[in-house]
Structure formats: C-alpha cells, structure tokens
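These notes are about the structure you will find just below.
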Amino acid sequence: MFVTERKAAMGKLAEIKDMEEAVEQENNEAKEFIRFTKRQEEHNQLMEKLMKITAGCAAGVLAVAVIAAIVIVPKSASVLSEAKKITAQTEEWMPQVQETVDQAQQVIAQINEGNPKELMNNVNDLTKEGQTAMQESVEELKKAVEVLEKIDINALNEAVDNLGKAVSPLARLFGGR
C-alpha cells in the first residue's frame, strides 16, 4: 500500500510540476487557474472572518438576552404580584359597594312611595353604614397605597432603559432602528 500512496503522491507532484512548467511557458489556462485559486483562498479567508463576526454577534445577543431575563423577569414578577394583591383588595370591597347601591335604591323607592318616617330611619342607617364602609375602604386604600409605594418604579424603569441601551447597538447592527 505504501507504494500506491507514493505513486499517488508522485502523481500529485508531477501535476504540480506540469502546472509550474505551463505557467513558465505562459499557458493562459494555468495562469487563470492560479489566479482563480488565489481569489478562492482570499474569498475563503473573508468568509472565515465574517463567520467569526457573526458568531461574536450571536454570542452578544445571547448575553444581552440572558442579562435582560435575569434583571427584568424578577422585577416584573414582583410588580405582577403586587398588582394581584391590589386586585384582590378591590374584589373584597365589591360586596360593600353593592350593598350601598342596594340601600340607595331602597331609599329612592321609599321617597317615591312618600313614607318620610321610614325614609329618615333608612337614611340614618344608610349614613351609619356608609361611614363604616368609608372608614374600612380608607383603611384598605391606605394598605394598597403602602404596597404600591414599596414598588421601586425607578429601579424598574432604569433596568428597562439599560436593556434598551444594551440592545440598541445590536439592533442597528442587524438592520433595526
């Protein structure tokens, strides 16, 4: 087998020598082939460089996406959690609001019927219940405001701005704004 490989290697050397002789004899086909191989080599080097740049950009985009996920997702989750708490508190108030509306409708019906004594008693009861409901609502509202004040909106806005600043060069690189 060594002999066969040697003959093959010798065959390649012979081909190369034939090409060199052809170039020395100014064979146009040989010169064109050499120019073509040089251009092909330059093209391959350019493609390799572009592939490295593309791989670097892809790694950069991945890094930005990971950082964004690490920074924004926890903050968004906490904001959503606080929003759920506020929604739950609002749902707790709904029965009181409905009761107040029902009582107001009764008062309107009694006014239409013209029973002043019963009307005054109902107005007094409604006023007392309204005050109690108002006080409870104010307390619940204070709690909701305290929860909202704990949310660090500035930090969340800053994180979103930083993400925008980090992603914008990559967006421009890939043809975005």
Side-chain angles (χ1 to χ4, degrees), residues 1-98 136-177:
M1 197 162 201
F2 179 71
V3 175
T4 307
E5 290 175 4
R6 190 165 186 198
K7 284 183 181 178
M10 292 301 276
K12 294 289 182 190
L13 288 174
E15 286 180 33
I16 293 172
K17 286 198 178 247
D18 287 344
M19 289 296 280
E20 288 174 350
E21 287 175 10
V23 169
E24 289 174 2
Q25 295 173 4
E26 296 187 21
N27 184 339
N28 284 336
E29 287 180 16
K31 287 181 181 179
E32 183 63 32
F33 179 75
I34 290 174
R35 282 194 298 268
F36 172 76
T37 56
K38 285 182 182 180
R39 284 194 316 265
Q40 187 66 36
E41 184 178 331
E42 290 170 359
H43 175 73
N44 289 346
Q45 289 172 349
L46 176 64
M47 291 305 295
E48 182 180 353
K49 182 179 178 182
L50 291 175
M51 286 176 21
K52 287 178 182 179
I53 290 172
T54 302
C57 289
V61 168
L62 178 63
V64 167
V66 168
I67 290 170
I70 290 171
V71 171
I72 290 178
V73 169
K75 290 191 184 277
S76 298
S78 68
V79 168
L80 290 176
S81 173
E82 296 301 325
K84 285 180 184 178
K85 288 178 185 177
I86 292 170
T87 302
Q89 289 174 351
T90 305
E91 288 175 355
E92 288 176 13
W93 297 341
M94 289 307 293
Q96 292 175 347
V97 171
Q98 185 61 43
E136 290 175 2
S137 295
V138 167
E139 290 300 319
E140 291 297 320
L141 190 57
K142 285 180 183 178
K143 290 179 186 176
V145 169
E146 288 174 7
V147 168
L148 285 174
E149 286 176 348
K150 290 180 183 176
I151 297 174
D152 189 359
I153 299 296
N154 291 335
L156 182 59
N157 285 339
E158 185 177 330
V160 171
D161 288 342
N162 288 342
L163 175 62
K165 289 176 184 175
V167 173
S168 66
L170 291 172
R172 282 193 299 272
L173 178 66
F174 289 106
R177 316 184 258 145

Go through the structure and list residues passing salt bridge (charged side-chain N to carboxylate O under 4.0 Å, His left out) with Lys52, not counting sequence neighbours. Glu48
Salt bridge (charged side-chain N to carboxylate O under 4.0 Å, His left out) involving Glu92 - partner list, sequence neighbours excluded: none
Of all pairs that satisfy salt bridge (Lys or Arg N to Asp or Glu O under 4.0 Å), the ones with a partner from residues 57-69, not counting sequence neighbours: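 The answer is none; no pair qualifies.
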Can you pull the salt bridge (Lys or Arg N to Asp or Glu O under 4.0 Å) pairs that have at least one residue in residues 56-67, sequence neighbours excluded?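 Every candidate salt bridge (Lys or Arg N to Asp or Glu O under 4.0 Å) pair involving residues 56-67 fails, so no pair, neighbours aside, qualifies.
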Please tabulate, one pair per line, all N/O donor-acceptor pairs under 3.5 Å involving side-chain atoms of residues 38-45, not counting sequence neighbours.
unit_1: Gln40; atom_1: NE2; unit_2: Asn44; atom_2: OD1; d: 3.4
unit_1: Asn44; atom_1: ND2; unit_2: Gln40; atom_2: O; d: 3.4

Sorted by chain and number, sequence neighbours left out, side-chain contact (heavy atoms from CB on, under 4.5 Å) with Glu136 holds for Gln96, Thr132
